[in-house]
Structure formats: C-alpha cells, structure tokens
Novice: 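Could you have a look at this structure, given as structure tokens, before my questions?
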Amino acid sequence: MRRLDISSGALLASLLALAPVPASAFYFPGVAPTSYREGDSVPLYVNHLTPADSQNDPKLRSVFSFDYYHPPFHFCQPEGGPKYIRESLGSILFGDRIQTSPFELKMGVNETCKQLCGPQEYAPQDALFVNSRIYQGYDLNWLIDGLPAAQLLNDPNSETPFYSPGFALGQVDGDSPELNNHYDILIDYHEAGPNNFRVVGVLVEPWSLTDSKECTITDSAVVLSEDDNNSVSYTYSVYWRQSPTPFATRWDKYLHVYDPKIHWFSLINSAVIVMFLIGMVSTILVRALKKDIARYNRLDQLALDDFGDTSAVEDGVQEDSGWKLVHGDVFRPPKNPLFLSVLVGNGAQLFMMAGLTIAFALLGFLSPSNRGALGTVIIVFYTLFGFIGGYVSSRVYKFFHGEKWKLCFFYTPVALPALVFATFFLLNFFVWGRGASGAVPFTTMLVVVIIWFVISVPLSFAGSWVGFRQAAVEAPVRTNQIPRQIPPASGSLRPLPSMALAGILPFGAIFVELYFIMNSIWFSKVYYMFGFLFICYGLMIITSAAVTVLTIYFLLLAENYHWQWRSFCTAGASAFYVFASALLYWIKDVSFLSWTSGVVYLGYSALLSLLFFVLTGTIGFFASWLFTLKIYKSIKVD
C-alpha cells in the first residue's frame with residue numbers, strides 16, 4: 001500500500017510538471033484576461049444611467065434607468081452613431097446593454113483636457129429633464145475591459161476605501177443642480193510580462209467646469225437654465241497608473257460589504273430559528289408520534305386478541321389524539337386537484353432552477369465580469385427543468401386519482417409561464433412609455449417565447465408522459481366512501497391565523513439577503529454574497545418544511561384531513577411577507593414622483609412574490625405529503 005502511494009505521488013508530480021504554465025491557465029467563461037501592448041487602443045463602452053442614492057431626499061429615487069444616448073442628455077456620440085455590442089440574453093432582458101463611445105484611450109498614454117466633441121445644445125425642456133435626473137442622483141456607467149468605471153468611496157466601518165460602480169451625473173450644491181462635463185479617468189494596469197499590460201481598475205472623477213479649454217477647477221459650475229437654451233462642452237483626461245494588483249483579484253476592490261455583521265446576524269438568526277423548529281419537530285413529532293403509534297398498535301392488538309368491544313378504547317384514544325381517526329379520509333383527493341398538481345409541478349421546476357443557479361454562482365461560474373450570465377443561466381435552467389415540472393405534476397395528479405390528464409399535460413408548461421410572460425409584457429409597455437433603457441425589445445421577447453415553446457413545452461410533455469407511465473404512489477390506508485365530518489376549527493388552526501404565524505418563519509430566514517437583492521435589482525448594485533444566499537436558501541427550505549409539518553400535525557389532531565391545500569398555502573404564506581417587505585422598501589427608498597414607476601415596481605414585486613409563493617408552497621406540500629405517508633404507514637388499520 002505504501003508503494004502504491006509513492007507511485008501515485010510520482011505520477012501526480014510528473015503530470016504537474018507537464019501542466020501548462022500559469023499564463024495559459026484555465027479561466028471561467030467570460031473572465032479570460034485581455035492583454036494590451038503600449039499604445040494599443042482600449043475601448044470604452046457606455047451603459048445606461050441608473051438611479052442611485054439621492055443627495056436630497058431618499059424618496060426622490062426612481063426605479064427607471066435611461067439609455068446613455070437618450071436624446072435629452074445630449075452626450076457626445078461616436079462618428080457614424082453609437083452601435084450596440086453583442087450581449088447575452090440575460091443582459092438584454094435586464095436592460096443591461098452596452099454601446100460604443102467617442103472616447104479614445106491608448107494603453108499607457110496619458111491625455112489631458114481632451115475635447116470630446118463640439119458644444120452640445122440643451123433646450124429648456126432638456127435642461128428640466130437633466131436637472132431632474134441630477135436631483136434623483138442618477139449615475140453614469142462605463143465599462144473598460146469589462147470593469148465598471150467607479151468612484152472611490154470610504155466606509156465608516158472599514159479603513160480601506162473601495163470602488164463603487166458608477167459615478168454621478170451631477171451634484172446638488174444648495175438648490176442648484178450642477179452637471180458634470182469633465183471626466184478624469186484613472187486607469188490602473190498590471191504588467192503581466194514584457195510589454196504585456198492588463199487593466200485591473202478604473203476610477204472616474206467627474207467635475208463641473210465652466211472653463212472647457214484649460215479644464216481648471218473654479219468656483220463656478222455648469223448649471224442648466226430651464227428658461228433659456230444652454231451650450232455645454234465635454235472634455236476628459238486619462239491617467240494610467242501601474243498597480244501591483246494581479247488580474248485574478250481585480251474585482252476584489254469592487255466587491256465590498258458595507259457591514260458584514262448584518263449578514264452574519266441574519267445567518268445566526270436563521271440558524272437559531274431552524275434549531276428551534278427542529279427541536280420542536282423532534283420533541284413533538286418524534287416522541288409524541290412514536291408514543292401514539294405504539295399505543296394505537298397495542299390497543300388494536302388487544303382488541304383483536306380479546307374479540308371484545310373496542311368502543312371504550314377508541315374513546316380513550318380520541319381524547320388523547322385524533323389523527324388516527326381520520327385515516328379513512330386523509331388521502332381523499334382535495335378540491336381542484338388539477339390546479340394544485342400544476343402549481344406543485346411548476347414549484348418543483350422553480351426549486352431545481354433556483355438551487356442549481358445559486359450553486360453555480362457559489363462555485364464561481366457566474367462571475368460579475370461575465371455580464372448577463374446570471375439571467376441567462378436562470379432562463380436556461382428553467383427551460384431545461386421543464387421535464388421535472390411535467391414529471392412531478394403528473395405524479396401528484398395521478399396520486400390524486402385525476403382523470404383530466406390531457407389538461408394536466410397542457411396547463412403545467414403553459415399556465416404559470418403564460419401568466420408571468422403576460423405580466424412582464426404588460427409592464428414592459430410602461431417601461432417603454434417612459435423611454436427607459438430597461439424596455440426589452442420585441443424581438444428578444446419573441447426569442448424567449450420561441451425557447452419556451454420549442455424546448456420547455458416539449459420537455460414538460462415528455463416529463464408528464466414519463467410520470468403517467470409510472471405506477472401511482474400507493475396510500476398506506478384505504479379511503480372511506482363517505483367523507484368524515486370535520487369539527488369547526490378554532491384559534492390558530494383557522495386558515496388565515498395559521499398561515500400568518502407559519503409564514504413569518506421562512507421569511508425570517510431570508511429577509512436580510514432579500515434587502516440586498518432588492519438593492520441589486522432596482523439600483524444596479526453588485527450582488528455577490530452567494531455563499532450567504534446558498535446557506536439562507538437551505539435554511540429557508542428546512543424552515544418551510546418544519547413549520548408546515550408542525551401545522552399539519554396539529555391540523556390532523558383536530559380531525560381536519562384537508563391537508564393538501566393547507567400545506568401548500570401555509571408554506572407559501574411567506575410570500576405575503578415578501579410582498580409586504582417590498583412595500584416597505586418602496587415607502588422607504590423608492591420614488592413616489594411617478595405613478596408609472598409605482599406600477600412597474602409593484603407589478604414586478606407582485607410577480608416575484610407569486611413565484612416565491614409557488615416555490616415555498618411546493619416545499620411545504622412535499623414535506624407534508626411525506627409526513628402523512630410516513631405516519632399512516634406506521635399504524636395498523638383494519
């Protein structure tokens with residue numbers, strides 16, 4: 001055995017010696033370095049203008065982003081007009097499209113006070129539009145070698161400054177909105193070899209200068225008059241700075257956590273909730289159920305041995321526990337079994353898509369430098385997991401003894417995606433009407449529909465066919481012909497109170513990460529805490545399953561056997577808290593100035609909450625299904 005280890009080590013050393021040199025090492029897609037020689041042209045691409053922190057009032061923040069070359073801005077354009085750079089499907093769907101610019105950058109060549117174009121004329125209505133965007137704190141977004149142009153900020157909780165993507169369109173001095181018309185571009189580069197340079201950092205310092213010839217800083221600034229025509233000249237300077245930062249760690253200075261204690265607090269809080277729930281499940285379910293099952297089986301055996309009257313025995317058991325009394329009805333098909341089966345199938349599809357996407361992001365495949373990768377992966381995974389959705393839907397529907405199998409085949413890949421697409425299409429009209437850059441082109445939406453019908457729908461049909469070919473899941477007890485009467489519920493066992501109490505716990509596992517995700521969606525912040533998100537996702541699954549099983553256990557004790565819809569809605573109730581948090585976020589951080597922004601924000605928030613309802617509801621349903629199968633399989637029933 002020792003000789004085998006030595007031989008294996010020698011073989012491994014030989015393979016390492018023959019391995020490629022670091023310069024040709026493996027890189028994830030989209031993050032391979034680009035090397036430049038001195039004097040090579042380095043393109044600068046422009047992205048949309050995005051809302052950031054308002055300098056006056058947080059309620060002035062908006063949810064719309066605008067195209068860089070939106071006419072009222074009058075930014076300088078390249079010769080022949082700007083051209084879109086080919087982007088991934090995810091970038092286009094999120095309105096994150098880049099274009100060419102007139103900036104001329106050459107590796108290692110400094111430029112000072114270079115004229116960008118001739119004077120730009122602003123009419124009064126254009127000045128009003130631009131000044132409003134300055135008040136709302138809009139940022140410009142550029143890209144150089146895949147890195148966002150950033151501003152250098154200081155965090156009170158950290159001694160090290162960090163790069164924050166984007167820089168201000170202007171600033172407010174008193175009551176005057178000042179437009180920035182000069183840009184000092186500071187580019188950090190790393191020398192990877194002789195005459196081999198790589199961009200590792202980009203900073204932009206914007207200025208509002210009235211002297212466009214000398215670019216000197218004075219007390220006066222460019223303020224657009226909303227009563228007369230205005231003329232503004234744009235200039236820029238370029239400064240190259242050698243940096244010891246290697247290409248592999250160039251994103252570290254961008255990925256900043258303002259207060260890591262918040263994430264750890266959220267994680268510990270969620271872990272405590274999970275430990276508490278697991279303790280309750282272990283105490284109540286394992287001990288109580290084990291005792292119940294042993295007593296039921298012992299009493300049944302005594303009744304069979306003595307051939308006596310077991311009515312007194314049953315009355316004693318009923319006073320202590322009532323979940324066995326509904327064994328003849330607990331697996332009775334629920335109302336609207338087709339609808340529930342379709343929702344559970346789509347929830348399983350969302351569950352697989354979300355879990356695998358977070359896992360891929362955790363492993364580093366979805367680097368922030370690989371633009372649009374997250375959105376593209378979400379679409380691809382959801383499309384491919386159409387097979388899972390169809391399979392799960394058919395298995396559940398067959399367990400419910402459903403007969404409308406053709407409708408199950410059809411509704412599973414069509415019903416929920418059609419609702420999502422219709423809502424997205426409607427909200428896209430509002431975005432397009434505001435002239436915002438987030439409006440998705442009609443051709444892109446057509447591509448999504450084609451992917452849906454050509455790939456997802458056939459996969460779902462195939463999954464449904466395979467599911468129906470499988471044998472149905474057998475119930476461990478027989479179902480009575482006549483339904484048992486259900487006693488009236490009281491207190492916390494009523495539907496709404498039980499949902500309100502149970503739904504808050506899964507939400508508590510994710511509420512902190514949800515805030516950062518909302519910031520990322522609406523205000524173009526880079527979200528990269530996928531390690532925390534992965535753990536919170538797992539804690540949410542455990543919490544949803546545990547709290548739903550507890551609720552169903554108490555429901556069965558009350559002799560209520562309608563657990564199917566109750567389990568789905570109990571776990572899915574956390575979606576109402578998600579929507580409530582979105583409303584709170586809107587009141588606190590988002591603009592009330594435009595009704596269209598409110599419609600778009602509330603529409604997308606409601607859509608995300610609906611998908612979260614389906615996802616968590618599916619987790620609760622499967623946990624309760626396995627729970628009921630397990631406990632009723634453990635008892636002896638005549």
Novice: Side chain to side chain contact (heavy atoms under 4.5 Å, CB included) for F430 and F64? Distances and angles first, verdict last.
Specialist: CA-CA 10 Å; F430 288 95; F64 290 111; 5.5 Å; no
Novice: Is any side-chain heavy atom of F425 closer than 4.5 Å to one of V440?
Specialist: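 Answer no - side chains too far apart.
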Novice: Any side-chain heavy-atom pair from E191 and F197 closer than 4.5 angstrom?
Specialist: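 Of all side-chain heavy-atom pairs linking F197 with E191, at least one is under 4.5 Å.
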Novice: Identify the residue among V199, I187, V202 that makes a side-chain contact (heavy atoms from CB on, under 4.5 Å) with D145.
Specialist: V199
Novice: Looking at every non-hydrogen atom in both residues, tell me the closest pair between Y69 and C76 and how far apart they are.
Specialist: CE2-O, 3.3 Å
Novice: Kindly compute the distance separating OG (S237) from CG (D184), expressed to the nearest 0.5 Å.
Specialist: 5.0 Å
Novice: Enter the distance from T100:OG1 to Y45:OH here, rounded to the nearest 0.5 Å.
Specialist: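 So the gap between those two atoms works out to 8.0 Å.
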Novice: Walk me through it: do V431 and L427 pass the test side chain to side chain contact (heavy atoms under 4.5 Å, CB included)?
Specialist: CA-CA 7 Å; V431 180; L427 295 176; 5.5 Å; no
Novice: Side chain to side chain contact (heavy atoms under 4.5 Å, CB included), that's the test. Do K114 and E104 meet it? Break it down for me.
Specialist: CA-CA 10 Å; K114 189 172 183 179; E104 297 179 355; 3.2 Å; yes
Novice: Step through it carefully: locate the ring centre of Y138, locate the ring centre of F66, and say whether they are under 6.0 Å apart.
Specialist: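 Yes - the distance between ring centres of Y138 and F66 falls below the 6.0 Å cut-off.
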Novice: Minimum heavy-atom separation for G39 to V109, with atom names?
Specialist: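 Closest heavy-atom pair between G39 and V109: CA-CG2, 4.4 Å.
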Novice: When rounded to the nearest 0.5 angstrom, what is the spacing between OH in Y122 and NE2 in H74?
Specialist: 6.5 Å
Novice: Rounded to the nearest 0.5 Å, how far apart are CD of E38 and CH2 of W240?
Specialist: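 Going from CD on E38 over to CH2 on W240, the span is 10.5 Å.
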Novice: Determine, stepwise, if the pair N47 / Y68 fulfils side chain to side chain contact (heavy atoms under 4.5 Å, CB included).
Specialist: CA-CA 6 Å; N47 203 338; Y68 185 84; over 6 Å; no
Novice: Identify all side-chain donor-acceptor contacts of residues 412-422 below 3.5 Å with residues at least two apart in sequence or on another chain.
Specialist:
from	atom 1	to	atom 2	distance (Å)
T412	OG1	S393	OG	2.9
T412	OG1	C408	O	2.7

Novice: To the nearest 0.5 Å, what is the distance between CG (L105) and CD1 (I185)?
Specialist: 5.5 Å
Novice: Against N131, only a single residue in E178, Q136, E226 fulfils side-chain contact (heavy atoms from CB on, under 4.5 Å); can you say which?
Specialist: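 Per the side-chain contact (heavy atoms from CB on, under 4.5 Å) rule, the option paired with N131 is E226, out of E178, Q136, E226.
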Novice: May I ask you to decide if A582's main-chain N or O and Y601's side chain share a donor-acceptor pair within less than 3.5 Å?
Specialist: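 Checking the backbone N and O of A582 against the side chain of Y601, a donor-acceptor pair under 3.5 Å is found.
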Novice: By the salt bridge (charged side-chain N to carboxylate O under 4.0 Å, His left out) test, which pairs, at least two apart or in different chains, include something from residues 227-245?
Specialist: D188-R241
Novice: Is the ring pair F75/F73 parallel, tilted or perpendicular, if the boundaries are 30 and 60 degrees?
Specialist: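 Ring orientation of F75 relative to F73: parallel.
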Novice: Here's a test for you: under side chain to side chain donor-acceptor pair (under 3.5 Å), which of H48, Q99, R97 qualifies with D67?
Specialist: Q99
Novice: Give, for atom CG of N346 and atom CD1 of I388, the distance between the pair rounded to the nearest 0.5 Å.
Specialist: 13.0 Å
Novice: Heavy atoms, side chains only, cut-off 4.5 Å: are L147 and Y163 in contact?
Specialist: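 With C-beta onward as the side chain, the pair stays apart.
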Novice: Return yes if a side-chain donor-acceptor contact under 3.5 Å exists between H182 and T235, otherwise no.
Specialist: yes
Novice: Can you label the angle between the Y183 ring and the Y234 ring as parallel, tilted or perpendicular, going by 30° and 60°?
Specialist: parallel
Novice: For Q171 and N180, which I'm curious about, is there any donor-acceptor pair between the side chains at under 3.5 Å?
Specialist: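 N180 and Q171 do have a side-chain donor-acceptor pair below 3.5 Å.
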Novice: Quick one about S231 and E121 (side-chain donor to acceptor, distance below 3.5 Å, no hydrogens or angles considered), yes or no?
Specialist: yes
Novice: Over all heavy atoms of both residues, which pair between V204 and A149 is shortest? Give the atoms and the distance, please.
Specialist: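 Nearest heavy atoms, V204 then A149: CG2-CB, 3.6 Å.
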Novice: For Y135 and P177, which heavy atoms make the closest approach, and how far apart are they?
Specialist: OH-CD, 3.6 Å
Novice: Would you say the side chain of L179 lies within less than 4.5 Å of the side chain of L169, judging by non-hydrogen atoms?
Specialist: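 They are in side-chain contact.
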Novice: Closest heavy-atom contact between L459 and T383?
Specialist: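 That would be CD1-O, 3.6 Å.
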